Undergrad: 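Before I ask anything, let me first share the structure, which is written out below as structure tokens.
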Amino acid sequence: CIYACKHEEKQSVIIDTSEITRFWEAFEVKDSLKRREALISYALDTINNPAANRVYRNYPNTEYYVNRIIKYEDYYKSMKKITMQLAQKVKKSKIGEYHKKFKKLYPKAVLPKLIITIGNLTMGGTITKEGLITSAEFYGKNLKNKDSLIPNFANMLIDPADFDGIMFHEYMHFQQFNAESSLPRDSSVTLLSVVMSEGSADFVSNLYTGYADTRDNYIYGSKNEKELYEKFKKDMNEPYTTVLKKWMFNPGYSPATDLGYFMGAKISENYYNNHPDKKKAIEDILLLSYMPKYSKKFFEDSKYDQKFKN
């Protein structure tokens, strides 16, 4: 269904969970051939949800989408109850409340639609011009048998309790997307640029949700920040394609995954704390370009390197 979560302000968060019901209707067709046809029809349904169709189900094509769902059939069966509960839980989402507070610091903020779909364990969340999209099949962190059902993906799963924290991070990317601030990544983009893209969204969203503070990469990072920075500064100006997996998008990486998010957030935090105009600081952090010369200048202005010279 599509509904609005009302808050004190006139704007409401529009949340579309209709994809979840339609997915299970297709998935639970008894005959295997007809089920495959039903899932393909669902994947090609551009009328009911063109945004989710474009980003998730055709990535890279509908055959791939359906084959992965069938491959992990037992996992998907175990996820029906969780996804249906998530569809109810999000009715109480705090995104609208966070948006209202954030708008005081960043008046240009736009409140996007939230779209909850079911994908094929390929992408957990993203943004489009239609709004924020999250993929409900990733919210299986609390399943007791997840390691046997999807051994290659179990450490990527999300706790449903973290929905608002994750979606408000994506909300920050939507502000960047809406302002057309981020340029396409190419081989000239450095690790620092990519780290700042994600870490900035983490820092600003965490001012309101506190979600990042509970994550393993932030817990580890907070205890080992100086050591991490010494390693990071050796890689930060390298092309991101050569060093990214050491810092981001690296499930199972030791000692912790996604430490680049932490580094980007701490650089953003330093910039924010040192800036006399907090509204301007937030705008600078969010609208930072991917171009290396801008991320390098931002890093210098943050004075983050001076933090460890005493």
Side-chain angles (χ1 to χ4, degrees), residues 11 13-14 51-52 54-56 93-96 98-115 123-135 163-186 188-209 211-212 215 217 236 240 244 247-249 258 260-272 275 277-299 301-302 304:
Q11 290 187 348
V13 186
I14 305 300
R54 184 176 70 252
V55 176
Y56 282 91
S93 172
K94 295 182 179 180
I95 298 296
Y98 297 150
H99 166 76
K100 180 183 176 182
K101 294 177 180 178
F102 175 64
K103 201 171 178 67
K104 293 178 180 178
L105 260 184
Y106 187 68
K108 298 177 184 177
V110 177
L111 184 60
K113 179 181 180 181
L114 306 187
I115 302 167
M123 289 192 293
T126 192
I127 57 172
T128 71
K129 64 181 181 181
E130 288 88 354
L132 310 184
I133 303 177
T134 190
S135 204
F163 175 83
D164 280 341
I166 290 169
M167 292 309 290
F168 205 55
H169 169 98
E170 296 299 332
Y171 163 98
M172 293 304 165
H173 285 316
F174 189 84
Q175 309 310 315
Q176 296 167 328
F177 177 85
N178 192 58
E180 299 181 346
S181 64
S182 296
L183 300 176
R185 299 177 192 175
D186 57 39
S188 68
V189 173
T190 63
L191 174 67
L192 177 62
S193 298
V194 181
V195 160
M196 290 312 306
S197 170
E198 295 296 343
S200 62
D202 257 8
F203 167 70
V204 181
S205 61
N206 198 53
L207 289 174
Y208 302 90
T209 68
Y211 166 63
R215 289 159 55 189
N217 54 341
M236 68 180 190
Y240 85 98
L244 187 65
W247 294 96
M248 302 174 73
F249 315 131
D258 290 331
Y261 281 72
F262 172 80
M263 293 306 305
K266 299 309 287 186
I267 294 167
S268 299
E269 179 183 58
N270 231 59
Y271 184 91
Y272 179 82
H275 204 293
D277 184 342
K278 300 309 180 189
K279 286 186 177 181
K280 182 63 170 58
I282 290 294
E283 183 170 343
D284 291 347
I285 291 168
L286 281 181
L287 304 189
L288 180 62
S289 168
Y290 272 125
M291 296 297 287
K293 66 178 181 179
Y294 295 115
S295 55
K296 185 176 181 180
K297 178 66 164 56
F298 182 91
F299 175 79
D301 291 344
S302 75
Y304 182 69

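Each residue takes its place number in the sequence, starting with 1. What you see is a predicted model; the values in this text were computed from it and never measured.
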Undergrad: Under 3.5 Å, is there a donor-acceptor pair between the side chain of Asp258 and the main chain of Phe249?
TA: yes
Undergrad: How about Tyr294: does its OH atom have over 12 heavy atoms from other parts shown lying under 6.0 Å from it?
TA: no
Undergrad: Got a sec, which residues hit side-chain hydrogen bond (donor to acceptor under 3.5 Å, both in side chains) with Tyr208, two or more places apart in sequence or on another chain?
TA: none
Undergrad: Distance from Ser302 atom OG to Glu269 atom CD, nearest 0.5 Å?
TA: 11.0 Å
Undergrad: Indicate yes or no: at least one non-hydrogen side-chain atom of Met248 is less than 4.5 angstrom from one of Val194.
TA: yes
Undergrad: Hey, are the side chains of Met172 and Leu286 touching, using non-hydrogen atoms and a 4.5 Å cut-off?
TA: yes
Undergrad: Would you kindly say whether Glu170 and His173 are connected by a side-chain donor-acceptor distance under 3.5 Å?
TA: no
Undergrad: With heavy-atom distances below 4.5 Å as the criterion, would you say the side chains of Lys278 and Tyr106 are in contact?
TA: no
Undergrad: For the residue pair Ser295 and Thr190, what are the closest heavy atoms and their distance?
TA: OG-OG1, 4.2 Å
Undergrad: Atom CE of Met196 and atom OG of Ser268: how far apart are they, to the nearest 0.5 Å?
TA: 3.5 Å
Undergrad: Answer whether the closest heavy-atom distance between the side chains of Met263 and Tyr304 falls below 4.5 Å.
TA: yes
Undergrad: Does Ile127 reach the side chain of Ile133, with side-chain heavy atoms less than 4.5 Å apart?
TA: no
Undergrad: Of all residues at least two apart in sequence or in a different chain, which pass the ring pair (Phe, Tyr, Trp, His ring centres under 6.0 Å) check with Phe298?
TA: Tyr271
Undergrad: If you look at every heavy atom in Leu132 and Pro112, which pair is closest and at what distance?
TA: CG-CG, 3.7 Å
Undergrad: Does a side-chain heavy-atom distance below 4.5 Å link Trp247 with Tyr240?
TA: no
Undergrad: Is the distance between the ring centroids of Tyr171 and Phe174 under 6.0 Å?
TA: no
Undergrad: Before giving the answer on side chain to side chain contact (heavy atoms under 4.5 Å, CB included), spell out for Phe203 and Lys266 the whole-Å C-alpha distance, their side-chain angles and the decisive distance to 0.1 Å.
TA: CA-CA 7 Å; Phe203 167 70; Lys266 299 309 287 186; over 6 Å; no
Undergrad: Starting at CE of Met167, measure out to OG1 of Thr134 and round the result to the nearest 0.5 Å.
TA: 5.0 Å
Undergrad: Got a sec, which residues hit side-chain hydrogen bond (donor to acceptor under 3.5 Å, both in side chains) with Asn206, two or more places apart in sequence or on another chain?
TA: Asp213
Undergrad: Under the salt bridge (charged side-chain N to carboxylate O under 4.0 Å, His left out) definition, can you give me all pairs with a residue in residues 282-292, not counting sequence neighbours?
TA: Lys108-Glu283, Lys280-Asp284
Undergrad: Applying side chain to side chain contact (heavy atoms under 4.5 Å, CB included) to Phe168 and Val204, what does each step give before you reach the verdict?
TA: CA-CA 9 Å; Phe168 205 55; Val204 181; over 6 Å; no
Undergrad: Nearest 0.5 Å please: distance from the CD atom of Gln175 over to the NE2 atom of His99.
TA: 7.5 Å
Undergrad: For the residue pair Tyr211 and Asp164, establish whether any side-chain heavy-atom pair is separated by less than 4.5 Å.
TA: no
Undergrad: Once rounded to the nearest 0.5 Å, what's the spacing between atom CG of Asp301 and atom CG of Asn270?
TA: 11.5 Å
Undergrad: Whether the side chain of Ser205 engages the backbone of Ala201 through a donor-acceptor N/O pair (distance < 3.5 Å, no angle test) should be reported.
TA: yes
Undergrad: Compare all side-chain heavy atoms of Ser200 with those of Leu288 and state whether any distance is below 4.5 angstrom.
TA: no
Undergrad: Tell me every residue that passes side-chain hydrogen bond (donor to acceptor under 3.5 Å, both in side chains) with Asp202, counting only those two or more places apart in sequence or in another chain.
TA: His169, Arg215, Tyr218
Undergrad: Using 0.5 Å steps for rounding, measure from the CD1 atom of Ile95 to the CD1 atom of Ile14.
TA: 13.5 Å
Undergrad: How would you list, by chain and number, every residue that makes a salt bridge (charged side-chain N to carboxylate O under 4.0 Å, His left out) with Lys279, sequence neighbours excluded?
TA: none
Undergrad: Go through the structure and list residues passing side-chain hydrogen bond (donor to acceptor under 3.5 Å, both in side chains) with Tyr98, not counting sequence neighbours.
TA: none
Undergrad: Kindly give the heavy-atom pair with the smallest separation between Ala109 and Lys103, and that separation in Å.
TA: O-NZ, 2.8 Å
